[in-house]
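Please read the structure below before turning to the comments.
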Amino acid sequence: MPWPKSIQENNQRFIINENLTVSIDGEDPKRLQHAVTSFLRRLSNRSGVFLSHGFAVPLSDEEQAPIQISYQKSAELIIEDDESYQLDVESNKVRLVAHTDVGAIRGLETLLQLLTNNDSEYYLPGVSISDAPRFVWRGLMIDVSRHFHPIDVIKRNLDAMASVKMNVFHWHLTDDQGFRIESKTYPKLHKLASDGLYYTQEQIKEIVEYASILGIRVIPEFDVPGHATAILTAYPELGSKPRATYKIERFSGVFDPTLDPTNEAVYVFLENLFTEIAPLFPDSYFHIGGDENEGKHWDANEDIQKFKREHNLATNHDLQTYFNIRLEQILNKLDKKLVGWDEIMTPNIPKTAIIHSWRGEHEGLPKGGTLIEAAKKGYNTILSNGFYIDRMESVVKHYLTEPIGNIELTPEERKRILGGEVTMWSELVTPLTIDSRIWPRTAAIAERLWSPKEVTDIDNMLKRLEVINYRLEEVGITHIRNKNVILRNLSNNQDISALEVLSNVCEPLKIYSRNEGGTEYKTFSPFTLFADACNVDAKDALKFKQVVKNYTISLSEEHKSDVISLLETWAKNHKAFQKMDKNPKLALLESLSYNLSEVSKFLLKSIQNEKISKKDMQNFKTQLETLKQPFADVELVIANDMENLFEALK
Ligand code: ACM
């Protein structure tokens with residue numbers, strides 16, 4: 001995962017033994033050296049084979065090296081880079097050939113994924129793979145404003161991105177809840193608007209270098225003119241509300257504080273700030289946000305209204321375009337091209353801008369939403385609508401988000417669709433939980449953006465995702481282990497097996513309903529609750545759905561015993577739950593645990609044709625209805641399948 005463009009098997013086997021060595025033939029092998037060292041370590045750790053050589057061998061030994069890598073040039077980390085590779089595995093040789101070093105490191109990830117074993121040895125199955133990405137922009141955005149994420153969180157996520165061939169890290173550095181980067185020109189920004197949680201410029205350079213070694217571009221985002229509470233906390237005089245003071249925002253949502261586009265001091269500030277910050281990011285693109293500006297402080301300000309009239313700017317949208325164009329000119333001087341969320345797409349915005357589509361289809365737009373509209377109007381564009389993983393929806397939905405569909409595009413229009421980005425908005429995630437919200441779903445989106453359009457088999461994807469899911473632990477992703485960290489915290493370090501059972505059938509509330517109106521959680525609320533231990537695509541819920549489906553179709557004894565086995569687990573789980581010493585966090589879950597147990601007992605009786613009293617039936621119906629309701633910020637996602645089973649048994 002992502003599935004390659006073409007694979008041919010040849011029935012040979014390359015056995016992993018201590019004599020395995022790797023050679024690199026290519027200019028400036030810095031990236032490859034790092035990738036080969038990592039490859040050898042992961043190979044050795046997975047297989048337990050004590051390799052004689054732990055690093056790439058010198059080129060003079062190339063003839064003898066069983067794994068030979070060659071490439072023509074270093075990638076520049078631009079959208080024109082060639083990431084294709086050709087991989088041939090035979091019984092005594094592996095050849096990995098690419099145009100660029102980054103293509104070669106994409107191929108090395110494929111090679112590692114091929115590693116398999118039988119009782120007696122680890123081996124790479126013989127194959128010829130020709131591979132190249134469908135889209136040149138395969139990104140992950142991490143919002144570090146709503147919750148700050150230190151550099152080790154970013155590094156492990158960069159490693160995970162590289163493991164599934166993603167190539168753009170979009171760093172959402174500023175928002176209402178915090179300004180997260182050191183500014184020497186305007187030190188009040190990080191001193192007054194970050195609660196001390198920000199990256200030093202040295203740390204920024206470290207991350208940019210770390211990403212570059214992995215073949216990942218880094219795009220910073222400074223969200224303006226809206227989402228600007230943090231900036232205005234430091235420099236209130238740049239705001240649109242005269243004499244206002246501002247405080248770092250603690251809640252989630254869309255807020256009014258907005259830079260004043262009619263104030264020349266704003267452009268001086270942004271030019272100085274961008275002139276300081278832009279050189280830290282070698283990429284030629286720079287994201288200025290531009291989203292969700294409702295312009296309330298503009299409407300309320302007489303001087304801003306007067307400015308609009310004087311400059312023939314009929315709407316706030318026109319005023320924002322005026323602002324964006326001024327920013328575009330500043331960024332041009334710094335040799336940067338502007339990227340912005342799709343609100344920036346107005347008639348006067350230059351075609352050099354990239355439109356970042358996030359709102360999808362709405363009235364008046366051509367089919368395919370702002371992505372297609374942008375491409376047809378002549379803009380380069382990337383898609384995030386459909387890849388909002390913070391909505392906590394099933395991986396299947398994201399996987400089936402096809403950027404282009406069957407929309408007719410000219411070759412030029414198609415070329416302007418650069419790819420897409422997963423968005424990890426961080427209102428409800430902390431360093432403890434962020435990995436479990438990003439992974440493994442992002443791996444499936446990475447496949448959508450890399451693999452041929454025709455690769456859409458869900459069962460096949462889910463099977464492969466299960467493997468990738470635990471392989472992500474190898475690169476340091478904490479999504480699996482931190483679940484138990486949270487459950488131990490919840491239980492004061494008691495036996496957590498009852499909580500694990502419960503969490504395997506519960507999912508956090510979806511589509512922002514966990515934090516309705518943005519007011520239940522503040523940035524400093526606890527995120528170590530039961531809902532934080534639960535995840536999308538709850539493991540046993542998927543299993544139950546399948547066995548109920550199988551049983552209701554076949555009514556066979558075999559499928560019946562699968563259903564019984566799961567129901568028994570839940571039926572007896574409440575006893576284990578009750579054994580725990582209670583605390584307020586656990587006490588909250590008591591009725592959920594009890595109702596699940598009771599409903600399961602009823603369904604067991606029912607499936608085993610035991611006698612059911614009127615009272616049993618009444619209780620069951622009440623309890624099932626209760627279980628269908630959101631509870632403790634989770635939903636019990638098996639409730640509907642329990643009902644389906646009941647209907648089938650009637
Ligand atoms: C966005 O989600 N406001 C870009």
Side-chain angles (χ1 to χ4, degrees), residues 137 139-147 149 168-180 219-231 249 251-259 285-296 316-317 320-321 323-324 327 338-346 349 353-362 365 369-371 373-374 379-393 397-398 401 403 418-429 434 437-438 441-442 445 510-518 521 523:
W137 193 302
L140 169 64
M141 187 214 77
I142 297 183
D143 163 15
V144 297
S145 177
R146 276 55 178 263
H147 280 99
H149 295 280
V168 178
F169 170 48
H170 168 176
W171 212 348
H172 185 83
L173 285 162
T174 74
D175 213 301
D176 298 298
Q177 294 80 354
F179 189 94
R180 305 296 184 197
I219 317 282
E221 178 182 348
F222 286 74
D223 202 350
V224 285
H227 288 276
T229 311
I231 294 174
E249 183 56 55
F251 289 105
S252 303
V254 177
F255 302 98
D256 299 336
T258 311
L259 300 182
Y285 291 95
F286 195 100
H287 206 303
I288 55 105
D291 56 321
E292 297 181 312
N293 170 26
E294 294 178 347
K296 288 188 192 154
N316 284 342
H317 226 108
Q320 189 165 340
T321 302
F323 172 82
N324 289 338
L327 253 56
L338 179 147
V339 190
W341 299 106
D342 56 23
E343 286 95 328
I344 72 159
M345 184 166 48
T346 50
I349 200 82
I354 288 190
I355 306 301
H356 191 166
S357 167
W358 70 281
R359 291 178 304 183
E361 296 184 18
H362 48 91
L365 280 188
T370 44
L371 183 86
E373 183 190 18
Y379 294 100
N380 280 346
T381 181
I382 52 178
L383 181 67
S384 278
N385 180 45
F387 301 139
Y388 265 51
I389 50 172
D390 64 319
R391 290 164 59 95
M392 302 305 279
E393 295 177 285
K397 177 172 172 167
H398 299 300
T401 296
L418 302 179
E421 281 186 10
V422 174
T423 48
M424 182 70 262
W425 299 106
S426 73
E427 283 88 347
L428 298 178
V429 303
I434 190 167
R437 276 40 184 152
I438 299 177
R441 289 177 298 153
T442 291
I445 302 174
K510 300 178 200 320
I511 320 182
Y512 309 136
S513 58
R514 180 172 173 191
N515 197 19
E516 202 82 66
Y521 291 90
T523 53

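Each ligand, and each atom within it, is numbered from 1 in the order the structure gives. The structure displayed is predicted, hence computed values, not measured ones.
Rounded to the nearest 0.5 Å, atoms OG1 (T321) and CD (E343) are 11.0 Å apart.
Close contacts between ligand 1 and Y388 involve ligand atoms 1 (C), 2 (O), 4 (C) [criterion: under 4.0 Å to a heavy atom]. Against a heavy-atom cut-off of under 4.0 Å, W425 is close to the following atoms of ligand 1: 1 (C), 2 (O), 4 (C).
If you check which protein heavy atom lies closest to atom 3 (N) of ligand 1, you get D291 OD2, 2.6 Å.
The nearest pair of heavy atoms linking E249 to T523 is O-CG2, 4.4 Å. Of all non-hydrogen atoms in G289 and D223, the two that sit nearest each other are CA-OD1, 3.2 Å.
Of the N or O atoms in E292, one or more lie within a sub-3.5 Å distance of an N or O in ligand 1.
Within the 4.5 Å cutoff, the side chain of L383 has no heavy atoms near those of the L418 side chain.
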